Student: 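There's a structure below that I have some questions on.
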Amino acid sequence: MHIVVDRRPEGVALIDDDGATALVPEPQFAAAVAEREAEHPRWVWTDTAQWYPPLLAAGVRVERCHDLRLVDAIIAGIAGRPARRSWGSAPEPARADTLFDLDGATDAAPAIAAPLAWQQQRAAIAAHADPARLTLLAAAESAGALAAAEMQHTGLPWSAAAHDALLAEALGPRPAPGRRPARLDELATQVEALLGVGPVPIDSPPELVKALRRAGLDVATTRSAELTRLDHPAIAPLLQYKTLSRLHTANGWNWLDEWVHDGRFRPTFVPGGVVTGRWASDGGGALQLPKQVRGAVQADAGWALVVADAAQLEPRILAALSGDAAMARAGAGVDLYAGIVASGAVASREHAKVGMLGAMYGGTTGVSAQVLPRLARSFPQAIGYVEAAARAGERGERVTTRLGRTSPAPSAAWRERQGAAGAEGADESAGRAARSAARSWGRFTRNFVVQGTAAEWALAWMAGVRRRLWTTGAGPLATQPHLVFFVHDELIVHSPLDRVAEVEQVLREAAVEAGRIVFGATPVSFPVTVAAVQRYSDAK
DNA sequence: AAGCCTAGCGCC
DNA sequence: AGGGCGCTAGGCTT
């Protein structure tokens, strides 16, 4: 059963499958949703990120939805048209308004109301080559949007005091606004003294390069990887300065002031924010929380953080995508890389890991390239699958994930470059540029199929965890186990201590179920490592 | 002053 | 000459 939510001048219309319409004044919307939720409908609305937070603020949770905006982005991607950017019942803007709009708005579809969009999306899904998979994708994407809003609403438990303490330990006490922490001052002074070439503007990479060169060091950049190779007494304090400076600027006291309130970090997750279907975040850097500060993520008293991580998710995804039985066998245990070593394909776990990552990213150098032929011999289907995706991208073709998300077509400039290289009279440099661009796009499509399908698995996992934790009528989210964090292949549930065992079971069961949802029957297993801890940093 | 770009580094 | 991101600071342009 569906209920389409349509904002109208006189209130919010709730439209059933049979067309029955209830018009609810805006102030009564949350109460109306709460009442109808008892029927377990799937709410069909334009944008979960717009509709759901006010409901959560009013204490109303929604179990299922269909997010028209997110699903439109998926369908538009498949069709190769731009995603719709405006929603509602607004009439199409006059042509004169858009005629000279060069930012691309002209090829975007006009605003559309929810009921018509819903009708069109159902038709589009039904007409798709694999409606069942696309339906799963729409449901998983939408469930993710609900989870994202709930996680932002509830927040990640965060101890400002612990964060301040670890900053003080690393950097010295909090400095006055605009001042550099004492520890950074010391390190900068040391670097200057040890280089011995006068003042060193340590925060400016171009100036720092000049200073290093004046000191006789042959460097082109200030990247840590390049500096590490140098043998000079100033390098150690310089590298330490960079690490600590990063902590201070990215996740220091200013970050703490801005992002942590009332013991919670509330980032904005952006479902579908990445072209592959991964989530992005907006503000707070939620998906890049450095390990350095994870000690500040602390469960409430009487609660635990149940941290779950899908073990070697991407190579397992590749094994399932490609139907590689040998790689499935290698992944029978919790450590797929160890399984690859045991199969005799490569000599060490590190080689297995670097080789598989290289295969999925398109690495062409170093150890990764060295072990690739061995992996290809042992796992021809898996390696062949990503190679085929790369070749397709190099030809300018689009590729799709397991559930049907489609990669964008290469740009017009890319196609022109390929055409120019093949044209009569084309010079050698045009050919090189074209091949380089082709290989680059091939690396993107190569990775797209794996990263995108892994994102689908993760959405299915998250949705399964959320559904299992769902207990209708059991009170507000914050009184029972609930999701508080997600990073691509990792989930954190904040749980009362006496329900931790149950939550661990839920996380494992949902992982098994996610494999079935995305791949059907597959010999590939998707184990998760689970740890119940007080502090995030204690997991792993 | 604001906007855009790059370098660099954090995460997966 | 290895995929996807977000964020900050510096430095440039407008």
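Proteins get letters first, then strands, A, B, ... in listed order; numbering begins at 1 in each. Predicted, not measured: the structure shown is a model, and the values here were computed from it.
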Student: Where the side chain of A:R246 is defined as all heavy atoms beyond and including C-beta, which of C:dG4, C:dG2, B:dG10 is the nearest nucleotide?
Tutor: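 Of C:dG4, C:dG2, B:dG10, B:dG10 is nearest to the side chain of A:R246.
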Student: Using a cut-off of 4.0 Å on non-hydrogen atoms, how would the nucleic acid contact of A:T221 be classed: base, sugar-phosphate, or nothing?
Tutor: sugar-phosphate
Student: Would you say B:dG8 has OP1 or OP2 under 4.0 Å from some side-chain N or O of A:K242?
Tutor: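 No.
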Student: For a quick check of understanding: with a heavy-atom distance under 4.0 Å over all strands, which category does A:G273 fall into, base, sugar-phosphate or nothing?
Tutor: nothing
Student: At under 4.0 Å, does any side-chain N or O of A:T249 touch on OP1 or OP2 of C:dC7?
Tutor: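 Answer is no, no contact under 4.0 Å.
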Student: How long is the gap from CG on A:L321 to CD on A:E314, to the nearest 0.5 Å?
Tutor: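 Going from CG on A:L321 over to CD on A:E314, the span is 10.5 Å.
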Student: Ring-plane angle category for A:H163 and A:W158, please: parallel below 30°, perpendicular beyond 60°, tilted otherwise.
Tutor: tilted
Student: Using a heavy-atom cut-off of 4.0 Å across all strands, would you classify A:S368 as base, sugar-phosphate, or nothing?
Tutor: nothing
Student: Quickly work out the A:W441 CH2 to C:dA1 C1' distance and round it to whole Å.
Tutor: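 Going from CH2 in A:W441 over to C1' in C:dA1 covers 18 Å.
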Student: Which nucleotide sits closest to the side chain of A:F444: B:dG8, C:dT8, C:dG3?
Tutor: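 So the nucleotide nearest the side chain must be C:dG3.
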Student: Looking for any heavy atom pair under 4.0 Å, which part of the strands does A:G284 touch: base, sugar-phosphate only, or nothing?
Tutor: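 Sugar-phosphate contact only - A:G284 comes under 4.0 Å of backbone atoms but never of a base.
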Student: Please give, in whole Å, the distance from C:dG6 C1' to A:F265 CZ?
Tutor: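 After rounding, the reported distance stands at 11 Å.
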Student: Whole angstroms only, please: what is the NE2-P distance between A:H488 and C:dG3?
Tutor: 16 Å
Student: Can you tell me the distance, in whole Å, between the CZ atom of A:R439 and the P atom of C:dA1?
Tutor: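 Roughly 11 Å, once rounded to whole Å.
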Student: Does a nitrogen or oxygen in the side chain of A:T364 sit under 4.0 Å from OP1 or OP2 of C:dA1?
Tutor: no
Student: With a 6.0 Å cut-off on ring centres, are A:W461 and A:F486 close enough?
Tutor: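 No; A:F486 has its ring centre 6.0 Å or more from that of A:W461.
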Student: How many Å lie between CD on A:E258 and P on C:dG6, as a whole number?
Tutor: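 Rounded to the whole Å, the gap is 16 Å.
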Student: Nearest whole Å is fine: how far is B:dA7 C1' from A:I202 CD1?
Tutor: 15 Å
Student: Quick one: pull up OG in A:S159 and CG in A:L166 and give me the separation to the nearest 0.5 Å.
Tutor: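 The CG atom of A:L166 is 9.0 Å from OG of A:S159, to the nearest 0.5 Å.
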Student: Under 4.0 Å, heavy atoms only, any strand: does A:V450 hit a base, just the sugar-phosphate, or nothing?
Tutor: nothing
Student: CZ of A:R508: more than 12 outside heavy atoms within 6.0 angstrom?
Tutor: yes
Student: Whole-Å distance between C:dG2 P and A:E314 CD?
Tutor: 17 Å
Student: Identify whether any heavy atom of A:N251 sits under 4.0 Å from a base atom; if not, whether one sits that close to sugar-phosphate; answer base, sugar-phosphate or nothing.
Tutor: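 Result for A:N251 = nothing.
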Student: Within the structure shown, what part of the strands sits under 4.0 Å from A:T243 by heavy-atom distance: base, sugar-phosphate, or nothing?
Tutor: nothing
Student: Using atom P of each nucleotide, how far apart are C:dG2 and B:dC5 to the nearest Å?
Tutor: 25 Å
Student: Is it true that A:R435 and A:E394 make a salt bridge, defined as a side-chain N closer than 4.0 Å to a carboxylate O?
Tutor: no
Student: Need one value for A:L313: base, sugar-phosphate or nothing, where a base atom within 4.0 Å counts as base even if backbone is also close, heavy atoms only.
Tutor: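 Nothing, no nucleic acid heavy atom in range.
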Student: With the side chain of A:N447 defined as its heavy atoms from C-beta on, choose the nearest nucleotide among C:dG2, C:dA9, C:dG3.
Tutor: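 Closest nucleotide to the A:N447 side chain: C:dG3.
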Student: B:dC12 P sits how many Å from A:W461 CH2, rounded?
Tutor: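 Rounded to the whole Å, the gap is 13 Å.
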Student: Give A:R294 one of three labels, base, sugar-phosphate or nothing, depending on what nucleic acid heavy atoms sit under 4.0 Å from its own.
Tutor: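 Counting heavy atoms under 4.0 Å across all strands, the contact made by A:R294 is with sugar-phosphate only.
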Student: Counting distance alone, no hydrogens or angles: does the base of C:dC5 have a donor or acceptor under 3.5 Å from a partner atom on the side chain of A:R278?
Tutor: no
Student: Within the structure provided, determine whether A:L238 and A:L212 are in side-chain contact (heavy-atom separation under 4.5 Å).
Tutor: yes
Student: Taking the side chain of A:L357 as heavy atoms from C-beta outward, which of C:dG6, C:dG2, B:dC12 is closest to it?
Tutor: C:dG2
Student: Taking OP1 and OP2 of C:dG3, is either one under 4.0 Å from a side-chain nitrogen or oxygen of A:R446?
Tutor: no
Student: Would A:Y361 pass as stacked on C:dG2, i.e. its ring centre under 5.5 Å from the base's six-membered ring centre and planes under 30° apart?
Tutor: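 No; centroid distance or tilt outside limits.
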Student: Taking only N and O in the side chain of A:S204, is any of them less than 4.0 Å away from OP1 or OP2 of C:dA9?
Tutor: no
Student: Using a cut-off of strictly less than 4.0 Å, decide whether A:R223 has a side-chain nitrogen or oxygen near OP1 or OP2 of B:dG8.
Tutor: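 The answer is yes; a side-chain N or O of A:R223 sits under 4.0 Å from OP1 or OP2.
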